[in-house]
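Quick note: numbers below take in every heavy atom, side chains included, and nothing from hydrogens, waters or symmetry partners. It should be emphasised that the depicted structure is a prediction, and the values quoted were computed from it without experimental measurement.
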Amino acid sequence: MKLQSEAFNVTASARLACEFDDNAVVQDVVGPQSRNLQRLERRLGVTLDLHGNIVAIEGPVDAAQKAQAALMNLYKRAAAGNAVDEGDVDAAARLSAEKDDGNDLTLRTRKKHIAPRTPGQAEYFRALNDNQLVFALGPAGTGKTYLAVAKAVALKIAGQVDRIILSRPAVEAGERLGFLPGDMKEKVDPYLRPLYDALFDMLPGDQVARNLESGDIEVAPLAFMRGRTLSNAFVILDEAQNTTPVQMKMFLTRLGEGSRMVVTGDLSQVDLPAGARSGLDDALHVLRNVRGVGLVTFTAADVVRHDLVTRIVKAYDAQDTEKRKPR
């Protein structure tokens with residue numbers, strides 16, 4: 001793979017090129033009828049032309065350099081035998097400004113390999129690598145819970161943890177579940193369904209079932225964490241904005257030898273009674289200077305769902321900003 005450049009006005013535009021080694025892989029990169037190139041053109045504001053195994057790039061210097069980096073990223077993905085779809089093109093465009101530190105951030109699970117799709121996700125992957133406890137904040141669709149489950153599964157497959165424990169506060173039922181119909185599993189499963197969905201996306205169904213039966217994977221409401229010490233486990237608390245400070249302290253002090261914790265939440269979506277302080281907000285204040293605690297804050301720019309979801313999140317963010325302005 002070779003890179004070529006010819007800047008004909010550094011402040012205005014440049015002509016760059018990517019020359020790839022394998023023509024078959026290049027076809028996977030550009031997509032049917034060059035759809036991937038067209039999508040990259042629209043996202044970055046450049047012109048891309050395919051000539052054999054060379055993609056010529058023309059546009060503003062910064063945009064052209066980003067397109068070159070994005071094409072290199074997509075080529076590496078395709079050369080490794082992975083499919084390249086529209087989401088991958090969008091991810092490559094978002095990550096094109098990221099400096100490559102040479103570290104592979106890909107998480108490998110039984111059903112798929114998962115790589116960061118935004119700069120915020122890349123920061124999250126690094127935080128998960130470097131800290132025993134990580135707080136991940138941000139709106140829906142940023143991958144904060146999904147990627148935490150992927151990290152847990154990857155570490156269990158690698159033998160670095162023995163168990164995965166996934167938990168959420170069942171705020172809608174006030175954690176007083178007795179009045180709901182069915183046995184305990186039937187009572188709590190509706191609150192924990194997003195965690196099950198993530199597991200089934202990364203492991204074959206029979207493996208999920210066996211691990212749940214053996215206790216190597218446990219999905220439980222937060223109330224079930226009391227009185228336990230969780231050793232050699234990857235523990236995830238989802239929807240943590242709906243904990244009280246007492247519940248959050250209880251959860252965090254379950255951390256045992258050889259374990260890791262991830263706490264995810266969105267402070268704009270608190271379902272606690274009016275006037276009650278979120279345990280997530282409280283913990284961020286109490287632990288702000290504690291060594292070994294990582295914090296990643298996602299924004300609407302990290303939403304990787306449908307483009308309309310990104311626009312919806314931005315619209316709500318703008319409204320919240322307007323409400324906070326002094327009158």
Side-chain angles (χ1 to χ4, degrees), residues 124 127-137 144-156 158-177 184-185 187-189 191-196 198-199 208 211-267 270-272 276-296:
Y124 190 29
L128 292 172
N129 289 339
D130 296 341
N131 298 280
Q132 193 172 9
L133 169 62
V134 175
F135 287 88
L137 311 181
K144 54 189 185 294
T145 302
Y146 186 86
L147 297 177
V149 175
K151 181 67 173 180
V153 170
L155 288 183
K156 188 175 187 304
Q160 295 183 42
V161 296
D162 297 331
R163 292 184 296 161
I164 298 172
I165 299 174
L166 312 174
S167 185
R168 295 180 95 179
V171 165
E172 297 88 340
E175 295 219 68
R176 291 183 290 273
L177 302 166
M184 186 55 66
K185 184 176 187 301
K187 293 175 193 291
V188 301
D189 271 1
Y191 304 101
L192 305 171
R193 177 50 51 190
L195 301 175
Y196 283 111
L199 284 173
V208 174
N211 279 279
L212 288 170
E213 186 175 352
S214 68
D216 288 344
I217 296 178
E218 181 180 349
V219 184
L222 177 60
F224 285 30
M225 298 296 108
R226 291 189 179 92
R228 305 175 63 182
T229 300
L230 307 173
S231 301
N232 300 312
F234 197 106
V235 192
I236 299 170
L237 176 59
D238 190 32
E239 299 288 350
Q241 75 274 4
N242 290 326
T243 62
T244 66
V246 171
Q247 289 173 325
M248 179 61 77
K249 181 180 178 182
M250 177 276 293
F251 176 79
L252 295 176
T253 54
R254 301 308 94 200
L255 186 67
E257 193 69 30
S259 288
R260 298 185 183 203
M261 279 186 171
V262 178
V263 177
T264 72
D266 179 358
L267 287 170
V270 177
D271 296 322
L272 294 170
R277 186 176 187 185
S278 166
L280 176 58
D281 185 44
D282 184 67
L284 293 173
H285 175 74
V286 172
L287 303 178
R288 63 190 182 280
N289 295 319
V290 174
R291 183 168 53 88
V293 178
L295 170 63
V296 177

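- Between Pro169 and Thr243 the shortest heavy-atom distance is CG-CG2, 4.1 Å.
- Nearest heavy atom pair, residue Leu252 against residue Ala283, reads CD1-CB, 4.3 Å.
- The two atoms that bring Phe234 and Ala148 nearest to each other are CE2-O, 3.7 Å, heavy atoms only.
- Asn211 pairs by the side-chain contact (heavy atoms from CB on, under 4.5 Å) definition with Lys156, Gln207, Asp216, Ile217, not counting sequence neighbours.
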Take Met225 and Ile165 through the test side-chain contact (heavy atoms from CB on, under 4.5 Å) and record every step on the way to the result. CA-CA 10 Å; Met225 298 296 108; Ile165 299 174; 4.0 Å; yes

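- For Val153, the side-chain contact (heavy atoms from CB on, under 4.5 Å) partners are Thr109, Val149, Ile157, Ile164, Leu199, Met202, Leu203, not counting sequence neighbours.
- Among residues two or more places apart in sequence or in another chain, the side-chain hydrogen bond (donor to acceptor under 3.5 Å, both in side chains) test is passed with Lys144 by none.
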Show me, pair by pair, the donor-acceptor contacts under 3.5 angstrom made by side chains of residues 259-266, not counting sequence neighbours?
unit_1 : atom_1 : unit_2 : atom_2 : d
Ser259 : OG     : Leu230 : O      : 2.5
Ser259 : OG     : Asn232 : N      : 3.0
Ser259 : OG     : Ala233 : N      : 2.9
Ser259 : OG     : Ala233 : O      : 3.3
Arg260 : NH1    : Leu128 : O      : 2.9
Thr264 : OG1    : Thr145 : OG1    : 3.2
Thr264 : OG1    : Asp238 : OD1    : 2.7
Asp266 : OD1    : Ser268 : N      : 3.0
Asp266 : OD1    : Ser268 : OG     : 2.7
Asp266 : OD2    : Ser268 : OG     : 3.2

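- For Arg277, the salt bridge (Lys or Arg N to Asp or Glu O under 4.0 Å) partners two or more places apart in sequence, or in a different chain, are Asp281, Asp282.
- Going from atom CD of Gln247 over to atom CZ of Arg226 covers 6.0 Å, rounded to the nearest 0.5 Å.
- Taking the ring pair (Phe, Tyr, Trp, His ring centres under 6.0 Å) definition, one finds that Tyr124 meets it with Phe298, sequence neighbours left out.
- Residue pairs satisfying the side chain to side chain donor-acceptor pair (under 3.5 Å) criterion with at least one member in residues 285-294, sequence neighbours excluded, are listed as follows: His285-Arg288.
- Checking side-chain atoms of Ser167 against main-chain N and O of Leu237 turns up no donor-acceptor pair under 3.5 Å.
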Between Phe135 and Leu284, is a side-chain contact (heavy atoms from CB on, under 4.5 Å) present by the stated rule, with each step listed? CA-CA 8 Å; Phe135 287 88; Leu284 293 173; 3.9 Å; yes

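- The salt bridge (Lys or Arg N to Asp or Glu O under 4.0 Å) contacts involving residues 242-253 comprise nothing, where partners must be two or more places apart or lie in separate chains.
- Closest approach of Val161 and Ala152 over heavy atoms only: CG2-O, 4.3 Å.
- A distance-only check finds no donor-acceptor pair linking the side chain of Ser231 to the backbone of Gly256 [under 3.5 Å].
- No side-chain heavy atom of Pro194 sits less than 4.5 Å from a side-chain heavy atom of Glu239.
- A heavy-atom distance below 4.5 Å is found between the side chains of Lys151 and Asn129.
- For the side-chain contact (heavy atoms from CB on, under 4.5 Å) test, residues two or more places apart in sequence or in another chain that qualify with Val290 are Leu287, Val293.
- Side chains of Leu137 and Leu280 form a contact here, defined as non-hydrogen atoms less than 4.5 Å apart.
- If you take CG on Leu295 and CG on Leu133, they are separated by 10.0 Å, rounding to the nearest 0.5 Å.
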